[in-house]
Number of protein chains: 2
Amino acid sequence: MEQLVHSPKSLASAITRQRKAKKLSQTEAGSIFNIEQSTFSSIENGAPGTRLETLFRILAALDLEMVIRPKTVSTHKTEESW
Amino acid sequence: MEQLVHSPKSLASAITRQRKAKKLSQTEAGSIFNIEQSTFSSIENGAPGTRLETLFRILAALDLEMVIRPKTVSTHKTEESW
DNA sequence: ATAATTTATAGCTGTTTAGCCATAAATTGA
DNA sequence: TCAATTTATGGCTAAACAGCTATAAATTAT
């Protein structure tokens, strides 16, 4: 269940997905690490200027982790499973 | 060879590592996607405010990819291999 | 040691964020 | 269909980024 992310947009979908999986509203999720609901909203809408610091707080709040690795030469099929 | 990243600092080290592995200077790496050398420098120093858009351009320039996934309950040993 | 390359800083500018707060719009439920 | 919850927007402010350009500091190579 890991998502390959290559843009603010796809990152947004990974975040939204996990938040909903945890049945949290933006307000609830945000309160965990003091993130404004409005900030949560813009991030989930793919705001390209979101700051790293904010992103990491969100990942922590949703129990998500980020992995960075050299690009794998995977077939496209596998990735677009989501 | 994948790095678990949980802060701008550790992200910075992943970027620096890959850039050096590719034997690129900050200026060279930056020229690929029009990123200022000074910007590259601040990111590699763990600037917490770096923007997502900038980050993704850098990852692309270095052939790195980002994966987001639910936190795994892995032992600490494995992760801190780096 | 000295030169050459690379990286860190700095100033200036325009743009954009995130925190607040409020509210409209959209979604969900009864 | 109406009410309640959730999400999207908007204004205001302080702070910070990234592009530019330049230069100091540090690292590497000869």
Side-chain angles (χ1 to χ4, degrees), chain A residues 1 3 5-71 82, chain B residues 1 3 5-71 82:
Chain A
M1 256 304 223
Q3 179 165 357
V5 162
H6 52 281
S7 69
K9 284 277 185 191
S10 51
L11 178 58
S13 71
I15 288 171
T16 300
R17 171 178 295 225
Q18 176 77 349
R19 180 176 60 76
K20 288 187 174 170
K22 303 199 93 179
K23 294 189 198 296
L24 294 172
S25 67
Q26 293 177 340
T27 303
E28 292 169 331
S31 69
I32 302 176
F33 276 64
N34 297 311
I35 299 158
E36 288 291 314
Q37 177 266 318
S38 57
T39 298
F40 231 106
S41 172
S42 80
I43 286 167
E44 289 194 15
N45 276 296
T50 302
R51 298 176 188 174
L52 279 188
E53 177 217 10
T54 306
L55 169 61
F56 284 115
R57 279 193 305 173
I58 285 183
L59 296 184
L62 297 177
D63 291 309
L64 284 173
E65 65 184 17
M66 176 193 296
V67 169
I68 297 294
R69 66 189 184 200
K71 227 177 237 173
W82 77 285
Chain B
M1 257 305 224
Q3 179 164 357
V5 162
H6 51 282
S7 70
K9 284 278 184 190
S10 52
L11 178 58
S13 71
I15 289 171
T16 300
R17 170 177 294 223
Q18 175 76 351
R19 179 176 61 74
K20 289 187 174 170
K22 304 199 93 178
K23 295 189 197 294
L24 292 173
S25 67
Q26 293 177 339
T27 303
E28 291 169 330
S31 69
I32 301 175
F33 276 65
N34 295 312
I35 298 158
E36 288 290 316
Q37 179 267 316
S38 56
T39 298
F40 230 106
S41 173
S42 80
I43 286 166
E44 290 194 16
N45 275 297
T50 302
R51 297 176 187 175
L52 280 188
E53 178 216 11
T54 306
L55 171 60
F56 284 115
R57 284 207 316 243
I58 286 183
L59 296 184
L62 297 177
D63 291 308
L64 285 173
E65 65 183 17
M66 177 193 295
V67 169
I68 298 294
R69 65 187 184 202
K71 228 177 239 172
W82 76 290

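Numbers restart at 1 for each chain; the letters A, B, ... are given by sequence-line order, proteins then strands. Both backbone and side-chain heavy atoms feed into the values below; hydrogens, waters and symmetry mates do not.
- When the side chain to side chain donor-acceptor pair (under 3.5 Å) test is applied to B/Ser41, no partner is found at least two apart in sequence or on another chain.
- Distance, B/Asn45 CG to D/dA16 P: 16 Å, rounded to whole Å.
- For the OP1/OP2 pair of D/dA18 and a distance below 4.0 Å, the side-chain nitrogens and oxygens of B/Thr54 include at least one atom meeting the criterion.
- With sequence neighbours left out, the side chain to side chain contact (heavy atoms under 4.5 Å, CB included) criterion links B/Lys71 to A/Asp63, A/Glu65.
- If you take CD1 of A/Ile43 and P of D/dT7, they are 14 Å apart, rounded to a whole angstrom.
- One can place CZ of B/Phe56 at 17 Å from C1' of D/dA18, the figure rounded to the nearest angstrom.
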Please produce a list of atom pairs where a protein N or O lies less than 3.5 Å from an N or O of nucleotides 26-30 of chain D.
none

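- Across all their heavy atoms, B/Ile32 and B/Ala61 have their closest contact at CD1-O, 3.8 Å.
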Which atom pairs link the protein and nucleotides 26-28 of chain C when you take only N or O atoms and keep those under 3.5 Å?
none

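- Taking the side chain to side chain contact (heavy atoms under 4.5 Å, CB included) definition, one finds that B/Ala29 meets it with B/Arg19, B/Leu24, B/Phe40, B/Leu62, sequence neighbours left out.
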Residues 47-57 of chain B, side-chain donor-acceptor partners within the protein, below 3.5 Å, at least two apart:
| from | atom 1 | to | atom 2 | distance (Å) |
| --- | --- | --- | --- | --- |
| B/Thr50 | OG1 | B/Ala47 | O | 3.0 |
| B/Arg57 | NE | B/Phe33 | O | 3.3 |

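- Contacts of B/Ser42 classified as side chain to side chain donor-acceptor pair (under 3.5 Å), with partners at least two apart in sequence or in another chain: none.
- Of all nucleotides listed (D/dA8, C/dA18, C/dA8), D/dA8 comes nearest to the side chain of A/Gln26.
- Partners of A/Thr27 according to the side chain to side chain contact (heavy atoms under 4.5 Å, CB included) rule, which considers only residues two or more places apart in sequence or in another chain, are A/Ser25, A/Gln37.
- With C/dA18, D/dA18, D/dT7 as the choices, the nucleotide that has an atom nearest any side-chain atom of B/Arg57 turns out to be D/dA18.
- Axis deviation across the helix from C/dA1-D/dT30 to C/dA30-D/dT1 amounts to 70°, comparing end segments of five pairs, rounded to 10 degrees.
- Separating the CD1 atom of A/Ile58 from the P atom of C/dT17 is a distance of 13 Å, rounded to the nearest angstrom.
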Using a cutoff of under 3.5 Å, can you pull out all pairs of nitrogen or oxygen atoms linking the protein to nucleotides 12-14 of chain D, with atom names and distances?
none

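- Going from atom CG of B/Leu24 over to atom P of C/dT7 covers 10 Å, rounded to whole Å.
- Contact annotation for A/Ser25: backbone-only contact, meaning every heavy-atom pair under 4.0 Å involves sugar-phosphate atoms and none involves a base.
- Here C/dT5 presents its C1' atom at 12 Å from CZ of B/Arg19, a figure rounded to the nearest Å.
- Remark: B/Ser38 pairs with B/Glu36 by the side chain to side chain contact (heavy atoms under 4.5 Å, CB included) rule, at least two apart or across chains.
- Per the geometry, CD belonging to B/Glu28 stands 11 Å off P belonging to C/dT5, to the nearest Å.
- Annotation: proximity of residues 33-40 of chain B to DNA chain C (heavy atom, distance under 4.0 Å) is found for B/Gln37, B/Ser38, numbered in ascending order.
- For A/Lys23 and D/dT6, the NZ to P distance is 13 Å, given to the nearest whole Å.
- Nearer the 5' end of DNA chain C, as judged by each residue's closest nucleotide, is the contact made by B/Ser42, out of A/Gly49 and B/Ser42.
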- Item | side-chain contact (heavy atoms from CB on, under 4.5 Å) between A/Gln3 and A/Gln18, worked out | CA-CA 11 Å; A/Gln3 179 165 357; A/Gln18 176 77 349; over 6 Å; no

